[in-house]
Amino acid sequence: MGGTIDVESELGKGSKFTVVLKHHLADEKYYAQVNEDLSLLNANKNIRGKHILLAEDNDLNAEITITLLEDIGLIVERVEDGIQCVAKMEQIPAKSYDLILMDIQMPQMDGYEATAEIRKISADVPILAVTAYAYASDEQRILSQGFDGYTAKPINPHVLRSKIVDLLSTRLLLL
């Protein structure tokens, strides 16, 4: 690591060890990231235990997303398509879910159709689109179709966590 270790020893008197390590002082960017991480950690405490409905048809994507969500303390229930998602929203009491993560491309009923139906049932539950489409025109379409935000696939855990914190924090302020 570019450092040194020195030992001085004298029988019957003891030993002296000197370790010198080269390191750099942290810059402002490092401290900004640390402060952002601490803010996010505090925000995570506020969202722990919130209920998420995940609409995702791909088993591997669902497994990864569930792990990410459970790691930040969220309770996740998964459905495999838009029809099941809408049915779940019709069957449960209002406000049972704090957020819906909605895949856009699903069989039988896609995320756009499911969101339109869910908005007829509950206008206030935040819906975050999860999509492989990440162009500016896609973002405009997603937001104009009743979604509260979107995140691109493959999922970046930090971006997903930040968007969820933002949506749930905003919802908590409105309640």
Side-chain angles (χ1 to χ4, degrees), residues 36-175:
E36 183 179 322
D37 290 346
L38 288 173
S39 295
L40 198 51
L41 182 63
N42 289 334
N44 282 351
K45 290 178 186 175
N46 293 334
I47 66 168
R48 291 185 80 71
K50 299 296 180 196
H51 291 82
I52 307 295
L53 180 59
L54 171 64
E56 172 62 66
D57 62 310
N58 181 287
D59 290 336
L60 180 59
N61 288 345
E63 183 179 341
I64 291 167
T65 305
I66 289 169
T67 299
L68 292 172
L69 297 173
E70 288 178 343
D71 283 351
I72 58 174
L74 298 169
I75 300 164
V76 184
E77 186 173 343
R78 177 197 176 197
V79 293
E80 295 180 7
D81 62 38
I83 292 173
Q84 292 177 9
C85 190
V86 172
K88 186 66 73 174
M89 292 300 293
E90 290 173 336
Q91 296 165 0
I92 60 151
K95 300 187 182 187
S96 291
Y97 295 106
D98 298 292
L99 178 95
I100 299 172
L101 253 61
M102 180 77 70
D103 184 20
I104 295 293
Q105 286 190 310
M106 293 183 290
Q108 300 184 47
M109 180 185 283
D110 68 20
Y112 292 115
E113 295 172 281
T115 296
E117 292 301 313
I118 290 168
R119 288 297 179 221
K120 295 175 187 174
I121 301 165
S122 175
D124 64 339
V125 64
I127 303 175
L128 182 65
V130 182
T131 180
Y133 302 107
Y135 297 108
S137 61
D138 297 316
E139 179 182 9
Q140 292 170 349
R141 179 177 181 208
I142 288 167
L143 296 175
S144 72
Q145 297 287 322
F147 291 91
D148 297 285
Y150 85 103
T151 190
K153 288 181 181 179
I155 292 176
N156 176 322
H158 299 293
V159 171
L160 178 64
R161 184 181 318 128
S162 177
K163 291 189 181 236
I164 289 172
V165 166
D166 287 347
L167 286 171
L168 290 180
S169 297
T170 301
R171 184 171 192 234
L172 291 172
L173 291 174
L174 297 174
L175 295 178

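A distance of 11.0 Å separates CG of Asp81 from CD of Glu113, quoted to the nearest 0.5 Å. Rounding to the nearest 0.5 Å places CD1 of Ile127 at 7.0 Å from CE of Met89. Annotation: the span from Gln105 atom CD to Asp110 atom CG amounts to 8.5 Å, rounded to 0.5 Å. The CG atom of Asp138 lies 11.0 Å from the CG atom of Leu143; values are rounded to the nearest 0.5 Å. Rounding to the nearest 0.5 Å places CD1 of Ile164 at 6.5 Å from CD1 of Ile47. The CE atom of Met102 sits 7.0 Å away from the CG atom of Leu53 when rounded to the nearest 0.5 Å.
At distances below 3.5 Å, at least one donor-acceptor pair connects side-chain atoms of Asp98 with backbone N or O atoms of His51. No donor-acceptor pair under 3.5 Å is formed between the side chain of Glu117 and the backbone N or O of Ala114. A donor-acceptor pair under 3.5 Å is formed between the side chain of Asn156 and the backbone N or O of Val159. With Thr67 contributing its side chain and Glu63 its backbone, the two residues share a donor-acceptor pair below 3.5 Å.
When the side chain to side chain donor-acceptor pair (under 3.5 Å) test is applied to Glu80, no partner is found at least two apart in sequence or on another chain.
No side-chain heavy atom of Asp57 sits less than 4.5 Å from a side-chain heavy atom of Gln108. In this structure the side chain of Thr65 never reaches within 4.5 angstrom of the side chain of Val130, judged on heavy atoms. Residues Ile155 and Asn61 form no side-chain contact, since every pair of their non-hydrogen atoms from C-beta on lies 4.5 Å or further apart.
Among all heavy-atom pairs drawn from Thr151 and Lys163, the shortest one is CB-CD, 4.1 Å. Here the closest non-hydrogen pair linking Tyr150 and Leu128 is N-CD1, 3.3 Å. Ile100 and Cys85 make their closest contact through CG2-SG, 4.2 Å (heavy atoms, listed as atom of the first residue, atom of the second, distance). Taking every heavy atom of both residues into account, Ile72 and Arg161 meet most closely at CG2-NE, 3.3 Å. The shortest non-hydrogen separation linking Ile142 to Gly149 is CG2-O, 4.1 Å.
In this structure, Arg141 forms a cation-pi arrangement with Tyr112, its terminal cationic atom sitting closer than 6.0 Å to the ring centre and no more than 45° off the ring axis.
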Exercise for review: Verify side-chain contact (heavy atoms from CB on, under 4.5 Å) between Phe147 and Ile104, making sure each step is shown before the conclusion.
Suggested key: CA-CA 11 Å; Phe147 291 91; Ile104 295 293; 3.6 Å; yes
Exercise for review: Take Glu56 and Leu101 through the side-chain contact (heavy atoms from CB on, under 4.5 Å) test and state the conclusion after the steps.
Suggested key: CA-CA 8 Å; Glu56 172 62 66; Leu101 253 61; over 6 Å; no
**Study point:** Test side-chain contact (heavy atoms from CB on, under 4.5 Å) applied to Thr115 and Gln145, step by step
**Key:** CA-CA 8 Å; Thr115 296; Gln145 297 287 322; 5.8 Å; no
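Checked for salt-bridge contact, Arg119 and Asp148 meet the test: a charged N lies under 4.0 Å from a carboxylate O.
Partner of Leu69 under the side chain to side chain contact (heavy atoms under 4.5 Å, CB included) criterion, out of Leu99, Ile64, Ile75, Leu160: Leu160 alone.
Within 6.0 Å of NZ on Lys88 lie no more than 12 heavy atoms contributed by other residues, nucleotides or ligands.
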